[in-house]
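Values reported hereafter were calculated over all heavy atoms of this structure, with side chains retained and with hydrogens, waters and symmetry mates removed. Just follow the structure's listing: the first ligand is 1, and inside any ligand the first atom is 1.
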Amino acid sequence: MQRRRAARVILVDESGAVLLFRGGDPARPAAGTWWFTPGGAVESGELAETAAKREVREETGLEVTDLGPVVLCRQVEYEFEGTQFSQAEDYFLVRCEHFDISDSGWTDGERRVVEACGWWSCEALRSTKETVYPDGLATLLKELGISTVDSRDRRAVVREGYNRVSTTYRGDSETPPEHRLWIRELLDHLGEKAEVLDLGCGCGIPVARDLTGAGHHVTGVDFSDVQIARAKQLVPTADFVKADITALEFGAAAFDAVVCLYAIIHLPLEAQAPLIGNIAGWLRPGGRLLLTAGDTAWTGAEDGWLGGDAQMWWSHADRATYRGWLGAAGLEITSEGSIREGLGVHSVIWALRP
Ligand SMILES: C[S@@+](CC[C@H](N)C(=O)[O-])C[C@H]1O[C@@H](n2cnc3c(N)ncnc32)[C@H](O)[C@@H]1O
């Protein structure tokens, strides 16, 4: 029995799909084929991390800079081309942009063995009758909170997700500490009876409630039926519109301030810069934008969000990209910070329409 260490990589794209190869043992065609992740033997003196990156580069052409955590360690025994192996495997999780693999770095052995390659959705992995290694990959992905959202379904996933988690996400009279600080700062910037637009306003608590309470007029927009219904009930003094924030029309310079908290990150990236352009047009000169956006680029989905049965989807650009979009829209950043939420970080940006 030959002992081996192997480093394998579960590559997950922004839709939650996983890259797998299909192949078999050329010495045992009767054994059929199976699907497996990129990866291979750790060479003598090599670190598992180095081997994982090298194997992904050789087998797919992708340069991995951020190798994620080891999410599975297993010991397997198998036969390949007449040799029995006892192999200790570490599986790393790597999130990446979807890409078409290149086989230019394949060895002769890989060319003999690999017959196909494909991106698998989590649903397809759950229901397939084909053999997939490691065993239980679909369950592992579920435990890691990874799920697949087709690009056509993203908005529906977000809207339905907030319909389900509305009250878990925010109680009827809950004020997160960071919102309290932001509202206080915003009130300092507003004159009398200001017009404020709250994009992705949720249930209206606390932003619409506190701003209307201070004598301002708030127009809140959200596309979740449950969020808007609660907002109308909880803050009857504000106006709420059930709509997609990417499909709004307001007059030029209609608002003294625009608030968009934890909402732009639910739009596909290609819709985010145009929204910032629209916001700049809706602000009067001297008007303020308060925006929470991405800090590092990340796109993905989660099942069972907030402990319930909701699926959720996000897409963050990195902070420099948001700075660029705000600048291109003619908005001047007046201050910037960060806010931690769970394991993630958001940028908090205040901007001014000159
Ligand atoms: C994380 S919640 C934030 C709620 C509120 N801004 C706050 O900070 O408490 C995001 C809200 O944005 C809404 N949303 C996401 N994408 C949207 C879209 N394309 N159009 C309208 N609302 C959207 C969701 O329904 C949800 O209520």
Side-chain angles (χ1 to χ4, degrees), residues 149 151-186 196-212 218-235 238-250 257-276 278-279 282 289-294 299 301-302 305-306 308 310-317 337 339-342 344-350:
V149 176
S151 60
R152 287 160 305 184
D153 302 335
R154 286 170 186 171
R155 284 171 203 232
V157 163
V158 173
R159 188 171 47 235
E160 182 50 26
Y162 279 102
N163 282 342
R164 284 167 190 247
V165 301
S166 175
T167 49
T168 314
Y169 182 80
R170 184 70 40 77
D172 284 1
S173 57
E174 197 184 327
T175 304
E178 68 272 19
H179 284 68
R180 180 168 292 127
L181 293 175
W182 295 332
I183 291 168
R184 200 177 301 154
E185 187 168 348
L186 183 59
V196 181
L197 175 63
D198 186 1
L199 294 170
C201 61
C203 67
I205 305 294
V207 172
R209 179 198 61 196
D210 291 1
L211 295 182
T212 53
V218 175
T219 305
V221 183
D222 204 291
F223 67 179
S224 150
D225 311 70
V226 176
Q227 296 278 59
I228 283 291
R230 286 183 68 215
K232 285 181 174 170
Q233 195 211 336
L234 294 169
V235 193
D239 283 325
F240 292 102
V241 183
K242 199 185 98 176
D244 193 312
I245 56 176
T246 61
L248 296 173
E249 288 183 14
F250 293 110
V258 176
V259 176
C260 186
L261 298 176
Y262 303 108
I264 199 167
I265 50 171
H266 288 300
L267 302 182
L269 286 182
E270 62 273 17
Q272 296 190 16
L275 176 65
I276 290 173
N278 287 345
I279 291 171
W282 298 330
L289 167 64
L290 166 58
L291 175 74
T292 54
T299 295
E302 203 176 303
W305 190 49
L306 297 181
Q311 191 182 26
M312 191 46 68
W313 180 85
W314 300 264
S315 192
H316 297 213
I339 181 83
R340 185 165 280 283
E341 196 193 37
V345 176
H346 299 261
S347 59
V348 182
I349 302 175
W350 288 87

In the protein, what heavy atom is nearest to [atom], and what distance, to one decimal place, separates them?
{"atom": "atom 5 (C) of ligand 1", "result": "Gly200 O, 3.3 Å"}
{"atom": "atom 1 (C) of ligand 1", "result": "Tyr162 OH, 2.8 Å"}
{"atom": "atom 9 (O) of ligand 1", "result": "Arg170 NH1, 2.7 Å"}
{"atom": "atom 13 (C) of ligand 1", "result": "Asp222 OD2, 3.3 Å"}
{"atom": "atom 16 (N) of ligand 1", "result": "Phe223 CZ, 3.4 Å"}
{"atom": "atom 20 (N) of ligand 1", "result": "Ile245 N, 2.9 Å"}
{"atom": "atom 3 (C) of ligand 1", "result": "Leu261 O, 3.4 Å"}
{"atom": "atom 10 (C) of ligand 1", "result": "Tyr262 O, 3.4 Å"}

Taking the side chain from [X] and the backbone from [Y], do they hold a donor-acceptor pair closer than 3.5 Å?
{"X": "Asn163", "Y": "Val226", "result": "yes"}
{"X": "His266", "Y": "Trp313", "result": "yes"}
{"X": "Arg209", "Y": "Leu234", "result": "no"}
{"X": "Arg230", "Y": "Ser166", "result": "yes"}
{"X": "Gln272", "Y": "Leu267", "result": "yes"}

### Message
Suppose I only count heavy atoms of Ala263 and a 4.0 Å limit; which atoms of ligand 1 are within that range?
### Response
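Checking each atom against Ala263, I get 12 (O).
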#### Entry: For Ser224, the ligand 1 atoms whose distance to one of its heavy atoms is below 4.0 Å
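This gives 25 (O) as the contact atoms.
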### Query
Is it true that Asp210 and Arg180 make a salt bridge, defined as a side-chain N closer than 4.0 Å to a carboxylate O?
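No.
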Could you say whether the N/O atoms of [X] and ligand 1 ever approach to under 3.5 Å?
{"X": "Asp244", "value": "yes"}
{"X": "Gln227", "value": "yes"}
{"X": "His179", "value": "yes"}

### Message
With no hydrogens and no angle check, just 3.5 Å: does a side-chain donor-acceptor pair link Ser315 and Arg154?
### Response
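No pair is found: no donor N or O on one side chain lies under 3.5 Å from an acceptor on the other.
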Heavy-atom closest pair, residues [X] and [Y]:
{"X": "Val165", "Y": "Ala310", "value": "CG1-CB, 3.5 Å"}
{"X": "Asp222", "Y": "Gly202", "value": "OD2-N, 2.8 Å"}
{"X": "Ile265", "Y": "Gly294", "value": "CG2-N, 3.8 Å"}

Part of [X] within contact of ligand 1 (heavy atoms, under 4.0 Å):
{"X": "Leu267", "answer": "side chain"}
{"X": "Arg159", "answer": "neither"}
{"X": "Ala243", "answer": "backbone"}
{"X": "Val158", "answer": "side chain"}

### Task
For the pair Tyr162 and Trp305, name the ring-plane relationship: parallel under 30°, tilted 30 to 60°, perpendicular over 60°.
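Answer is perpendicular, since the angle exceeds 60°.
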